[in-house]
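Notes to accompany the following structure.
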Amino acid sequence: MERLWAPWRLDYVQSADELEGCVFCAAADGDDEEFLVVRRGERAFVLLNRFPYTSGHLLVAPYRHGVNFDGLDEGEALEVHRLGAEGMAALAAVYGPDGFNLGWNVGRVAGAGIVDHGHLHVVPRWSGDTNFMPVLSGVDVISQSLDALWDLLSARLRSP
Ligand SMILES: [Zn+2]
């Protein structure tokens, strides 16, 4: 049996087509709740993926546009790592997943929806999960759960 895990399939593809400019830069300069930002550090920040592959799918990005995994400076690399770990801890407390996938998609052929602003995916996993969240089954349900999750995670991450 072949299993293919493809968290990039829905990652910002829709929003990238709808928005001009970079979603991460817009989120970096924008309102936390509107852009689902749950934690801001000095060099990097954490937001919920608006088109999650599983519930709680987080993205950790440097504020700086135009760098990817191999272009982060030391301060960015350290903070992306630490914020990713904090995100995992918050998800563990709120959702109790059985595990996580963490990864970077570099280049469009590798599945990156936004190719010019690197970001780390933090994807909670549950044993027996199907790999396919029913994201298309109801936009209202999804946006409502994203708002609820934003409340939970931003509260937890801002006062650790
Ligand atoms: Zn950007």
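Keep in mind that this is a model prediction, so the values were computed, not measured. Along the sequence shown, residues are numbered consecutively beginning with 1.
With sequence neighbours left out, the side-chain contact (heavy atoms from CB on, under 4.5 Å) criterion links Val94 to Leu149, Leu152, Leu153, Arg156. Looking at residues two or more places apart in sequence or on another chain, you find a ring-ring contact (aromatic ring centres under 6.0 Å, His included) between Tyr63 and Phe45. His81 meets the ring-ring contact (aromatic ring centres under 6.0 Å, His included) test with no other residue; sequence neighbours excluded. For Asp29, the side-chain contact (heavy atoms from CB on, under 4.5 Å) criterion is met by no residue, not counting sequence neighbours. Contacts of Glu79 classified as side-chain hydrogen bond (donor to acceptor under 3.5 Å, both in side chains), with partners at least two apart in sequence or in another chain: none. Scored by the side-chain hydrogen bond (donor to acceptor under 3.5 Å, both in side chains) test, Asp32 finds Arg40, Arg158 as partners (sequence neighbours excluded).
Of the inter-residue distances, the one linking Asp147 atom CG with Leu36 atom CG reads 7.0 Å to the nearest 0.5 angstrom. The CG atom of Leu47 lies 12.0 Å from the OG atom of Ser154; values are rounded to the nearest 0.5 Å. Rounded to the nearest 0.5 angstrom, Phe35 CZ and Cys25 SG are separated by 11.0 Å. Expressed to the nearest 0.5 Å, how far CD of Glu76 lies from CD of Glu42 amounts to 12.0 Å. Here the straight-line distance linking atom CG of Leu146 with atom CD of Glu33 works out to 11.5 Å at 0.5 Å rounding.
Screening residues 113-122 for salt bridge (charged side-chain N to carboxylate O under 4.0 Å, His left out) gives no qualifying pairs among residues at least two apart or on separate chains.
In summary, of the residues considered (Leu72, Asp73, Leu78), a side chain to side chain contact (heavy atoms under 4.5 Å, CB included) with Arg43 occurs for Asp73 alone.
With a 4.5 Å cut-off on side-chain heavy atoms, Leu102 and Val123 do not count as touching. Annotation: side chain of Phe100 is in contact with side chain of Leu91 (closest heavy-atom distance under 4.5 Å). Looking only at side-chain heavy atoms (C-beta outward), Leu48 and Leu59 stay at 4.5 Å or farther from each other. Counting heavy atoms from C-beta on, the side chains of Pro97 and Arg125 never come closer than 4.5 Å.
Of all non-hydrogen atoms in Gly56 and Pro124, the two that sit nearest each other are O-CD, 3.6 Å. Heavy-atom minimum distance, Val115 versus Asn68: O-ND2, 3.8 Å. Shown here for Phe24 and Ala61, the closest heavy-atom pair between the two residues is CD2-CB, 3.7 Å. Pairing each heavy atom of Gly87 with each of Leu58, the nearest pair is CA-CD1, 3.7 Å.
Between His121 and His119, the distance separating the two ring centers is shorter than 6.0 angstrom.
Counting only distance, with no hydrogens or angles, the side chain of Glu34 and the backbone of Asp31 share no donor-acceptor pair below 3.5 Å.
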| message | One pair to check against side-chain contact (heavy atoms from CB on, under 4.5 Å): His57 and Val122. What are the steps and the verdict? | response | CA-CA 6 Å; His57 184 167; Val122 178; over 6 Å; no
